[in-house]
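Have a look at the structure below, then the notes.
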Amino acid sequence: MTDSESQARTAADVAAIIGCVAYKMSVEQGAQIVFAGRAVCLRYPKPFQHPWPRTVELWAEIMASDLASAAKARSLVLAKARELHRLSIFGCDVHTDGEAIAAAGYDGCWNTSLLAAQLDEAPGAASASLAIERVERPEQIAELNALDPEFPSHPASLGRQEFVDLLGRHAGRAVAKGQLVCMGGERAYVADMFTGPAARKAGYAGAVLSALHNEAAARSVRRTVLIPSQTAAESRFYEKRGYRQACLRAVFLSKA
């Protein structure tokens, strides 16, 4: 693959994840989407709790490919200049771009990765003891949220063609979940993967991920993108299942 082809693929991965995240938050959290040049902004109708690295309640979120675009977007989405918000810059490294980050006025910052997988190269997985079903009823959501995931499942996604929510059961009990967001085209977003603490290391997450991949392939998706949780990043869970870093993502929390 040439450099230009690689850059084009990365740009498409970034565009897919920004578009899917924005749509997901608009449906599930009622966020208002504001487009500002190369940035996409989300304005929440009430504070949205962000759990890591410290628990904060965000009023807004900005996703962009550079700090300059994000700076212009802030004036459009923030009701007050110092309103608590989160900023994601794709392709930015907090270690090499420290001066620009400090000048932009952010105090909490860390790197994560946007990961992507070619579905025809991702290994499949199954668990004989796990039954996987589509989430279609509110009582299934209640079961999943009783596991106390960082990001709860939401009833607003039920019945929408763009969302595929899966539930994994062991011995009749809900133990794992995952979501696929499909906005059309060749890319889809894997979100909200979670396994209850008592059911981990049994292969359930891998089985749910493989089922999501099958759902994606059935919709002619060729590539899936995601941003791993801290735990998944540390264990390299997704890398073991065919995912590779598409680009770094620098995440910033505004000063409280």
ask   = If Ile, Leu, Val, Met, Phe, Trp and Tyr residues are connected whenever their side-chain heavy atoms lie under 4.5 Å apart, and connections chain through other members, are V181 and F90 in the same group?
value = yes
remark   = Minimal heavy-atom distance between P152 and D192, with the atoms involved, is O-OD2, 4.3 Å
remark   = Between V27 and R160, the two heavy atoms sitting closest are CG1-NE, 3.4 Å
message = Holding to side chain to side chain donor-acceptor pair (under 3.5 Å), I want the full list of residues that pass it with E143, two or more places apart in sequence or in another chain.
response = R169
inquiry  = Can you tell me how far apart CH2 (W59) and CD (E57) are? Round to the nearest 0.5 Å.
reply    = 8.5 Å
message = Can you tell me how far apart OG (S210) and CD (E215) are? Round to the nearest 0.5 Å.
response = 11.0 Å
remark   = Sorted by chain and number, sequence neighbours left out, side chain to side chain donor-acceptor pair (under 3.5 Å) with H154 holds for none
request  = State the CZ-CG distance between R219 and N214, to the nearest 0.5 angstrom.
outcome  = 12.5 Å
note = Heavy atoms of K177 and S153 approach each other most closely as NZ-OG, 3.0 Å
message = Which residues pass the ring pair (Phe, Tyr, Trp, His ring centres under 6.0 Å) test with F252, not counting sequence neighbours?
response = Y106
query = Are R43 and F48 in a cation-pi setup, meaning NZ or CZ lies under 6.0 angstrom from the ring centre and within 45 degrees of the ring axis?
reply = no
query = Residues two or more places apart in sequence or in another chain: which of them pass side chain to side chain contact (heavy atoms under 4.5 Å, CB included) with A22?
reply = I33, V40, L42, M63
task = Answer yes if V21 and V225 sit in the same cluster of Ile, Leu, Val, Met, Phe, Trp and Tyr residues linked by side chain heavy atoms under 4.5 Å apart, and no otherwise.
result = yes
request  = May I ask you to check whether over 12 heavy atoms, not counting those of E139, lie within 6.0 Å of atom CD?
outcome  = yes
Closest non-hydrogen atom pair between A39 and S69, with its separation = CB-O, 3.9 Å
query = Above 12 or not: heavy atoms from other molecules or residues under 6.0 Å from CZ of R173?
reply = no
hydrophobic_cluster_shared for L158 and F151, side chain cutoff 4.5 Å = no
Reported CD-to-CD1 distance for the pair E136 and I141, which is rounded to 0.5 angstrom = 11.0 Å
task = Answer yes if the side chains of E61 and Q29 hold a donor-acceptor pair under 3.5 Å, and no otherwise.
result = no
Q179/E28 under side-chain contact (heavy atoms from CB on, under 4.5 Å): CA gap, chis, key distance, verdict = CA-CA 13 Å; Q179 183 186 72; E28 296 185 347; 3.0 Å; yes
key: Check: V14 and C247 side chains under 4.5 Å, non-hydrogen atoms   = yes
ask   = Distance-only, no hydrogens or angles: does the N111 side chain make a donor-acceptor pair with backbone N or O of D93 under 3.5 Å?
value = no
query = Can you list the other members of the hydrophobic cluster that holds M193, where links are side-chain heavy atoms under 4.5 angstrom apart?
reply = L115, L130, I132, V164, L166, V175, L180, V190, Y204, V208, L209, L212, L226, F237, Y238, Y243
request  = Just do the side-chain contact (heavy atoms from CB on, under 4.5 Å) check on M183 and Y189 with the steps written out, would you?
outcome  = CA-CA 9 Å; M183 300 298 296; Y189 170 48; over 6 Å; no
key: Straight-line distance of I18 CD1 to S88 OG, nearest 0.5 Å   = 8.0 Å
query = Is the CG atom of D120 crowded by more than 12 outside heavy atoms at less than 6.0 Å?
reply = yes
ask   = Is the closest side-chain donor-acceptor distance between S157 and D165 under 3.5 Å?
value = yes
query = Considering all heavy atoms of both residues, which atom of I89 and which atom of A70 are nearest to each other, and what is their separation?
reply = CD1-CB, 3.9 Å
Under 3.5 Å side-chain donor-acceptor pair for S229 and T231 = no
key: Between CG on residue L248 and CG on residue L114, distance to nearest 0.5 Å   = 10.0 Å
task = Identify, with sequence neighbours excluded, every residue that meets side chain to side chain donor-acceptor pair (under 3.5 Å) alongside E162.
result = Y23
task = Check the side chains of T195 and R200 for a donor-acceptor pair under 3.5 angstrom, ignoring hydrogens and angles.
result = no
task = Decide yes or no on side-chain contact (heavy atoms from CB on, under 4.5 Å) for V251 and R86, but give the supporting numbers first.
result = CA-CA 7 Å; V251 186; R86 178 172 65 175; 3.8 Å; yes
ask   = So which heavy atom on A174 is nearest to which on L147, and how close?
value = O-CD2, 3.5 Å
